[in-house]
There are 2 protein chains.
Amino acid sequence: MDRESRRRSVAEAIHRIAAREGLEGVSVRVVAAEAGLSAGAVQREFPTKDDLLLFALETSVDEVAARFSRIRIGPDALTFAEGLRAVLTDLLPTDERRRAQARIWAAFYARAAVDPAFAKVLSDLDARARANLALALGYARDQGELAVDRDPAAVAELLLVVIDGLWFSCARLPEGDPPDHLHSAVDAAVALITTRTR
Amino acid sequence: MDRESRRRSVAEAIHRIAAREGLEGVSVRVVAAEAGLSAGAVQREFPTKDDLLLFALETSVDEVAARFSRIRIGPDALTFAEGLRAVLTDLLPTDERRRAQARIWAAFYARAAVDPAFAKVLSDLDARARANLALALGYARDQGELAVDRDPAAVAELLLVVIDGLWFSCARLPEGDPPDHLHSAVDAAVALITTRTR
DNA sequence: TATGTATCGATACGAACGTATCAGAAGGGT
DNA sequence: ACCCTTCTGATACGTTCGTATCGATACATA
């Protein structure tokens, strides 16, 4: 078994544990057991616990970034309104996997609140998202989908906040609850930001 | 020293620790030292760690609820737009205390993602906030401050999401950074939700 | 086939955790 | 004065943590 795939399976193990018990439940031994490896193997790959968690965070960031970048807005793709709805709806816990990812995300955010290394990784992702949003909003304005008196940069900031809020609303949703009210919130966000199609 | 004030000082100690190192840094011994008490005293008051954390959460919830309820919207108080801006701006980290509270909140949210007891306390707060928002939005609609084709319930859900998002955006803001972009987000939210005053 | 090297699983260790237990100080009621 | 209840601070215990270390094994190279 090559190194890279083992690192990946460790990251997946951490994600499963974090979704179940939070970052507090992540320890070298537990991760090793969950990944089906010996503790020594995990430890050799990730000398300290911070290495372990940061790698899991980066893996998670890559996954989320990939999810976002799958949705393309532009002339020969989705309209801005469609794309915006797709991005926001994609965050909602439609299945158990999504729900788990929201919980993982919440755990990492909490860690970022007290650990600058984690905060930096997240703010880098933020910067990328901000840039992508600026592009999409520029396109939207060109297409007349944005009310002209809205400041696109401010709307972008609001959207980043909404996205963060959706993550956490999902994270603390009880196990079986459907996210109906979050769908309402997404509807409202799309309706308020885009102009009506009359 | 009476019991109630000691419980309160314990809660404050937990908040200081959680703001500094997250919930992972909270242990019976550390809390006792931070509160200037013996470990036994803390342990007698809160038999288990869960008791400790849940009490700290409830204290935090009360503080936040008090902050919200200080802002009154109505005929002889603020307009809806003013009140909405006040509520959202109040979340922003204007001082170190606010910043600390955002970090504490992030920690509790992450815990709520994996612990139903915590999730319930937060969702109860949510229910109260939802009711208050419904009131305010009803008033706004009566005053013509809401576009008539907006569903007030959906807007309320969006606002709850925005509030959650603001918490976490604040929580992971680096130490000295000014929250300019969050002010932009608040401006955008207020502008989009309330009708223009022409 | 030998040998040097990298990787493996396992164990060891000190620290810190949550919790239980307990001896003594304090204080009010008889 | 005594005793009984309550409260206090401290210590004890078993577990688990992160990390260091180490002999055994696998493998590449000469």
Side-chain angles (χ1 to χ4, degrees), chain A residues 1-59 104 107-108 110-112 114-118, chain B residues 1-59 104 107-108 110-112 114-118:
Chain A
M1 181 189 271
D2 71 306
R3 208 139 114 158
E4 207 46 48
S5 78
R6 188 164 49 203
R7 286 174 74 90
R8 196 166 37 240
S9 77
V10 166
E12 283 165 12
I14 296 178
H15 289 168
R16 282 194 299 274
I17 298 165
R20 210 164 49 223
E21 331 167 31
L23 250 36
E24 305 196 30
V26 176
S27 78
V28 178
R29 290 161 179 81
V30 174
V31 168
E34 176 85 28
L37 266 45
S38 78
V42 172
Q43 197 176 348
R44 202 166 332 94
E45 210 65 55
F46 304 98
T48 74
K49 191 183 178 180
D50 275 353
D51 296 328
L52 209 54
L53 291 181
L54 271 174
F55 179 73
L57 170 61
E58 280 157 15
T59 304
I104 294 164
F108 281 131
R111 174 75 184 235
V114 293
D115 186 326
F118 285 67
Chain B
M1 183 189 273
D2 71 306
R3 213 141 108 157
E4 207 47 48
S5 77
R6 189 164 48 202
R7 285 173 75 88
R8 196 165 36 240
S9 77
V10 166
E12 284 165 11
I14 296 177
H15 289 168
R16 281 195 298 274
I17 297 165
R20 209 163 50 220
E21 330 167 30
L23 251 35
E24 306 196 28
V26 176
S27 79
V28 179
R29 291 162 179 80
V30 173
V31 168
E34 177 85 28
L37 266 45
S38 80
V42 172
Q43 199 176 347
R44 200 164 338 96
E45 211 67 53
F46 304 97
T48 74
K49 192 184 177 178
D50 276 353
D51 296 329
L52 209 55
L53 291 181
L54 271 174
F55 180 73
L57 170 60
E58 280 156 14
T59 304
I104 294 163
F108 281 130
R111 175 76 184 236
V114 293
D115 186 326
F118 284 68

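All values reported here derive from a predicted model rather than from experimental measurement.
Among the candidates B/Val26, B/Leu23, B/Ile104, the single residue satisfying the side chain to side chain contact (heavy atoms under 4.5 Å, CB included) test with B/Ile17 is B/Val26.
In this structure, the side chain to side chain donor-acceptor pair (under 3.5 Å) partners of B/Glu34, at least two apart in sequence or on a different chain, are B/Arg16, B/Arg20. Legend: residues meeting side chain to side chain donor-acceptor pair (under 3.5 Å) with A/Thr48, ordered by chain and number and at least two apart, are A/Asp51. Applying the side chain to side chain donor-acceptor pair (under 3.5 Å) criterion to A/Glu21, with sequence neighbours excluded, gives no partner residue. A/Glu24 pairs by the salt bridge (charged side-chain N to carboxylate O under 4.0 Å, His left out) definition with nothing, not counting sequence neighbours. Under the rule for a side-chain contact (heavy atoms from CB on, under 4.5 Å), B/Ala33 has no partner lying at least two apart in sequence or in another chain. Under the rule for a salt bridge (charged side-chain N to carboxylate O under 4.0 Å, His left out), the partners of B/Glu45 that lie at least two apart in sequence or sit in another chain are B/Arg3, B/Arg6, B/Arg7. A/Ala39 is linked by a side-chain contact (heavy atoms from CB on, under 4.5 Å) to A/Ala32, counting only residues two or more places apart in sequence or in another chain.
Counting only residues at least two apart or in different chains, ring-ring contact (aromatic ring centres under 6.0 Å, His included) contacts with residues 30-58 of chain B comprise B/Phe46-B/Phe55. Among pairs with a residue in residues 12-33 of chain B, none fulfils ring-ring contact (aromatic ring centres under 6.0 Å, His included), at least two apart in sequence or across chains.
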Quiz item: DNA chain C in dot-bracket, Watson-Crick or G-U pairs under 3.5 Å, [ ] crossing, | other strand?
Solution: ||||||||||||||||||||||||||||..
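Residues from residues 39-54 of chain A placing a heavy atom under 4.0 Å of any atom in DNA chain D, listed by number, are A/Gln43, A/Thr48, A/Lys49. Interface residues of residues 14-29 of chain B facing DNA chain C, ordered by number: B/Val26, B/Ser27, B/Val28, B/Arg29; criterion, heavy-atom separation under 4.0 Å.
Look at CZ on A/Arg6: it is 12 Å from C1' on C/dG9, rounded to the nearest Å.
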